[in-house]
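One structure is given here, and the rest of the page talks about it.
Heavy atoms only: backbone and side chains are in, while hydrogens, waters and symmetry mates are out. Note on naming: letters A, B, ... go to the chains in the order of the sequence lines (proteins, then strands), and numbering restarts at 1 for each one.
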Amino acid sequence: MRYSQILLPTLKETPAEAEVVSHRLLLRAGYIRKLTAGVYSYLPFGLAALRKVEQIVREEMNRAGAQEILMPMVQPADLWRETGRYEKYGPELLRFKDRHDRESCLGPTHEEVITDLVRKNVHSYRDMPLNLYQVQTKFRDEIRPRFGLMRGREFVMKDAYSFDVDDEAASKSYQVMYETYQRIFERCGLEFRAVEADSGTIGGSFSHEFMVLAETGEDTLAICNDCEYAANVEKAEVVLPSPVDEEAAELEKIETPGKRKVNTVCEFMGIKADELVKTLVYLAGDETVAVLVRGDREVEEVKLKNQLGVAEVIMADDKQVYDATGVPTGYLGPVDLSIRLLVDREVAAMRNFVVGANEKNFHMINVNPGRDFELAEVADLRCIETDDPCPECGGTIRMTEGIEVGHIFKLGTVYSQDMNAVYQDHDGKDKTIVMGCYGIGVSRIVAAAIEQNHDENGIIFPKQLAPCQVIILNLGTNDKTITAEAERLYAELQNRGIEVLLDDRDERPGSKFKDADLIGIPLRLTVGKRFVKDSVIEIRHRADGRVEEIVPEQVVDTLLAELSSI
RNA sequence: CGGAACGUGGCGCAGUCUGGUAGCGCACUUGACUGGGGGUCAAGUGGUCGGAGGUUCAAAUCCUCUCGUUCCGACCA
């Protein structure tokens with residue numbers, strides 16, 4: 001490739017619409033351009049990076065015994081009605097009618113289509129296990145597309161579906177995919193964690209998300225500094241604290257005029273927030289419940305939801321609190337409280353703390369669980385926080401953001417039952433096929449890789465994902481010696497099968513250096529004055545800025561050695 | 001869907017409050033100089049100011065509607 005001929009429109013300034021790093025750099029480096037909200041064109045280098053990810057995914061899927069197919073993007077509504085998802089899926093499913101008034105939709109995922117395919121073509125236990133996958137453009141009409149390739153409406157996804165005779169075989173297929181995913185993300189050069197995901201709606205099944213660790217992630221993860229533990233904060237368990245060994249002092253009511261907030265009460269009484277317990281009121285279905293957590297903690301609403309077994313919990317407003325308890329907000333406490341009370345495990349282990357007195361302008365001190373109020377319902381209800389102990393190894397937890405790049409799911413027979421996908425077993429009886437599904441956000445990986453690998457000058461692609469491995473800068477396009485050497489190197493590297501871009505533009509050196517940094521090519525060769533003077537070529541590593549000067553004869557061997565470390 | 005902001009040449013922006021011949025930087029074209037971290041000078045190209053309607057002698061500017069984009073939230077996973 002010659003820079004003078006390729007469409008690689010780099011920008012000095014960042015388009016105003018781009019907020020996150022990967023979006024900014026993808027635009028600036030000339031990798032993508034937006035057509036409309038959440039829909040992008042891939043320019044040559046953007047496509048090249050995408051292909052690199054696809055290639056890794058394909059190799060590993062094939063190695064795992066999966067077979068590649070390609071399914072239609074346009075799908076008939078009737079198929080979706082069989083699973084009830086045409087109604088359930090919501091407005092993310094882009095629906096339309098064709099010229100014959102047939103209802104159709106653009107595929108946001110392919111469980112229905114693949115299950116249809118399999119029920120028509122797989123009839124015997126001999127046909128399984130079977131794992132089929134595709135790499136394809138998906139369309140989800142997101143309410144709010146954002147962050148460029150991170151959450152587009154149209155995006156490239158690898159989706160795989162496994163079919164097995166029973167649950168045990170399906171678990172094996174799941175395990176194979178779990179390991180395959182580990183390999184894929186490792187080969188992509190990404191720092192990632194596999195985290196257990198919520199299996200909520202489909203009982204009995206299980207599921208893992210693969211998260212790339214990066215600041216711009218949309219999910220918050222609790223990860224351990226000392227071991228491999230990682231969990232979505234919604235699921236991360238807070239370790240049971242050991243009870244405080246302290247003698248219970250005498251309960252006392254004191255006046256706290258106008259002091260309602262945790263910090264004002266603390267200030268007024270000269271205590272810290274961890275010596276106080278706050279009482280929060282939630283609406284959970286038809287019920288109103290109170291939750292006790294330490295003054296400096298937050299309630300994790302997902303945990304509360306699961307504890308109560310309801311679909312949703314909403315924080316009560318001042319009026320709802322008063323209606324339910326007869327106490328104005330700010331003075332609530334567990335002593336003689338009239339509504340159902342849930343106690344965070346941490347609070348249950350505390351002694352002699354401060355709570356509201358259930359009376360305007362009064363708080364209580366030296367409150368003790370068990371003695372002053374009943375510990376009817378104790379559970380893990382608070383958010384895990386930085387420096388909390390790790391539930392696995394006891395190390396310390398830190399919080400980080402994660403980008404979901406993969407999600408694997410044991411589906412069971414959810415779809416096969418609805419769509420009557422059965423096979424004939426040894427005994428001649430029809431049995432329902434057991435399924436799994438496995439997704440990877442291929443285009444999202446490109447964005448995630450950039451989120452994780454960049455500096456102030458631009459992208460730093462891992463070698464495995466870079467559109468090409470080497471860029472040669474000809475710093476003397478009007479100098480015969482320099483140009484001849486740059487051209488010679490270019491031809492030689494191509495012959496040796498190295499992916500190389502030759503910057504043969506009549507630009508000043510500064511521009512060429514800036515562009516080379518911006519587009520993120522791992523290795524840079526510079527042919528310039530130093531070649532004329534000392535017959536040396538400069539080789540520079542984008543990732544760490546390391547520079548060496550070598551004679552032309554060494555170039556190919558040096559590059560091959562560098563690239564073999566992939 | 002709720003809240004907020006923005007829309008002026010390819011990109012980034014000023015001008016809008018206070019109506020009066022559309023501007024700046026970058027990019028692009030031509031020429032000269034220059035040539036190892038986005039260079040200098042000169043001369044140029046390119047915009048019916050998102051669209052429609054209205055007010056006015058006069059609208060980028062005021063009013064109404066509309067389309068688009070972005071941010072926060074909700075939703076979804």
Side-chain angles (χ1 to χ4, degrees), chain A residues 7 9-20 23-24 27-30 33-40 85 88-93 108-109 111 138 140-148 150-151 153 155 157 195 197-202 207-211 216-220 232 234-235 301-302 311-312 314-315 402-409 437 439 441 444 456-458 473-479 481-483 486 503 505-519 524-534 536-540 542 545 547 549:
Chain A
L7 181 63
T10 56
L11 302 172
K12 262 192 203 175
E13 280 168 296
T14 305
E17 69 191 39
E19 283 293 313
V20 301
H23 192 193
R24 282 204 297 264
L27 289 169
R28 280 196 57 209
R33 286 295 183 262
K34 185 175 72 174
L35 178 63
T36 181
V39 178
Y40 292 84
R85 286 214 291 182
K88 266 190 292 191
Y89 206 93
E92 272 187 18
L93 183 65
T109 177
E111 282 83 6
K138 297 275 187 283
R140 293 182 186 172
D141 199 0
E142 296 279 349
I143 299 172
R144 191 180 153 205
R146 55 183 136 180
F147 304 155
M150 293 257 280
R151 181 175 288 276
R153 292 194 297 165
F155 58 99
M157 181 175 178
V195 306
D198 200 0
S199 58
T201 45
I202 304 172
S207 166
H208 286 87
E209 289 169 337
F210 290 79
M211 299 287 214
T216 22
E218 296 187 276
D219 296 85
T220 305
N232 201 310
E234 295 173 354
K235 295 205 74 178
E301 295 187 2
V302 173
E312 191 180 37
I314 304 165
M315 187 89 138
I403 303 166
E404 183 187 336
V405 290
H407 198 163
I408 61 177
F409 213 102
C437 73
R444 188 180 273 185
E456 64 281 2
N457 294 314
L473 302 189
N474 175 351
L475 290 196
T477 47
N478 49 9
D479 179 304
T481 314
I482 293 172
T483 300
D503 191 346
R505 298 172 301 166
D506 182 20
E507 288 285 342
R508 295 179 59 85
S511 305
K512 296 194 175 192
F513 288 134
K514 289 289 184 189
D515 276 335
D517 285 346
L518 179 60
I519 62 183
R524 185 184 85 193
L525 296 178
T526 305
V527 187
K529 265 189 197 157
R530 301 278 292 119
F531 178 73
V532 178
K533 230 192 317 176
D534 306 318
V536 291
I537 311 282
E538 179 195 282
I539 173 167
R540 184 174 186 270
R542 176 68 180 90
V547 173
E549 291 193 326

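Residue contacts shown for A/Lys512 are absent, as no nucleic acid heavy atom lies under 4.0 Å away. Counting any heavy atom pair closer than 4.0 Å across all strands shown, A/Ala37 reaches sugar-phosphate atoms only and no base atom. Heavy atoms of A/Asp479 sit nowhere under 4.0 angstrom from any nucleic acid atom. Heavy atoms of A/Arg33 sit nowhere under 4.0 angstrom from any nucleic acid atom. Residue-level contact check: A/Thr36 touches the backbone only, with heavy atoms under 4.0 Å from sugar-phosphate atoms and none from bases.
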Within the sub-3.5 Å range, which N or O atoms of nucleotides 73-76 of chain B have a protein N or O partner, and how far apart are they?
{"from": "B/rC76", "atom 1": "O2'", "to": "A/Glu92", "atom 2": "OE2", "distance (Å)": "3.4"}

Please list each protein N or O that sits under 3.5 Å from an N or O in nucleotides 28-35 of chain B, with the distance.
{"from": "B/rU34", "atom 1": "O2", "to": "A/Arg508", "atom 2": "NH1", "distance (Å)": "2.5"}
{"from": "B/rG35", "atom 1": "O6", "to": "A/Asn478", "atom 2": "ND2", "distance (Å)": "2.5"}
{"from": "B/rG35", "atom 1": "N2", "to": "A/Asp506", "atom 2": "OD1", "distance (Å)": "3.2"}
{"from": "B/rG35", "atom 1": "N2", "to": "A/Glu507", "atom 2": "O", "distance (Å)": "3.4"}

Using the 3.5 Å cut-off, write out each protein N or O paired with an N or O of nucleotides 25-27 of chain B and the distance between them.
{"from": "B/rG25", "atom 1": "N2", "to": "A/Glu13", "atom 2": "OE1", "distance (Å)": "2.9"}
{"from": "B/rC26", "atom 1": "O3'", "to": "A/Lys12", "atom 2": "NZ", "distance (Å)": "3.3"}

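No side-chain heavy atom of A/Thr14 sits less than 4.5 Å from a side-chain heavy atom of A/Leu27. Contact annotation: the side chain of A/Glu92 approaches that of A/Glu142 to within less than 4.5 Å [non-hydrogen atoms, C-beta and beyond].
The distance from atom NE2 of A/His23 to atom NZ of A/Lys34, rounded to the nearest 0.5 Å, is 6.5 Å. Between A/Lys12 atom NZ and A/Leu518 atom CG the span is 12.0 Å, to the nearest 0.5 Å.
Checked for salt-bridge contact, A/Arg524 and A/Asp503 miss the test: no charged N lies under 4.0 Å from a carboxylate O.
Contact of A/Arg524 with B/rG36 (side chain to base): no donor-acceptor pair of N or O atoms is detected under 3.5 Å.
One interatomic measurement links the two molecules: CZ of A/Arg28 to P of B/rG12, which rounds to 12 Å at whole-angstrom precision.
With C1' as the reference atom, B/rG39 and B/rG25 are 16 Å apart, rounded to whole Å. The separation of B/rC67 from B/rC28, taken at their C1' atoms, amounts to 30 Å, rounded to a whole angstrom.
Looking at A/Lys512, its side chain never comes within 3.5 Å of a backbone N or O of A/Thr526 through a donor-acceptor pair.
Annotation for A/Ala516 and A/Leu473: closest pair CB-CD2, 4.4 Å, computed over non-hydrogen atoms.
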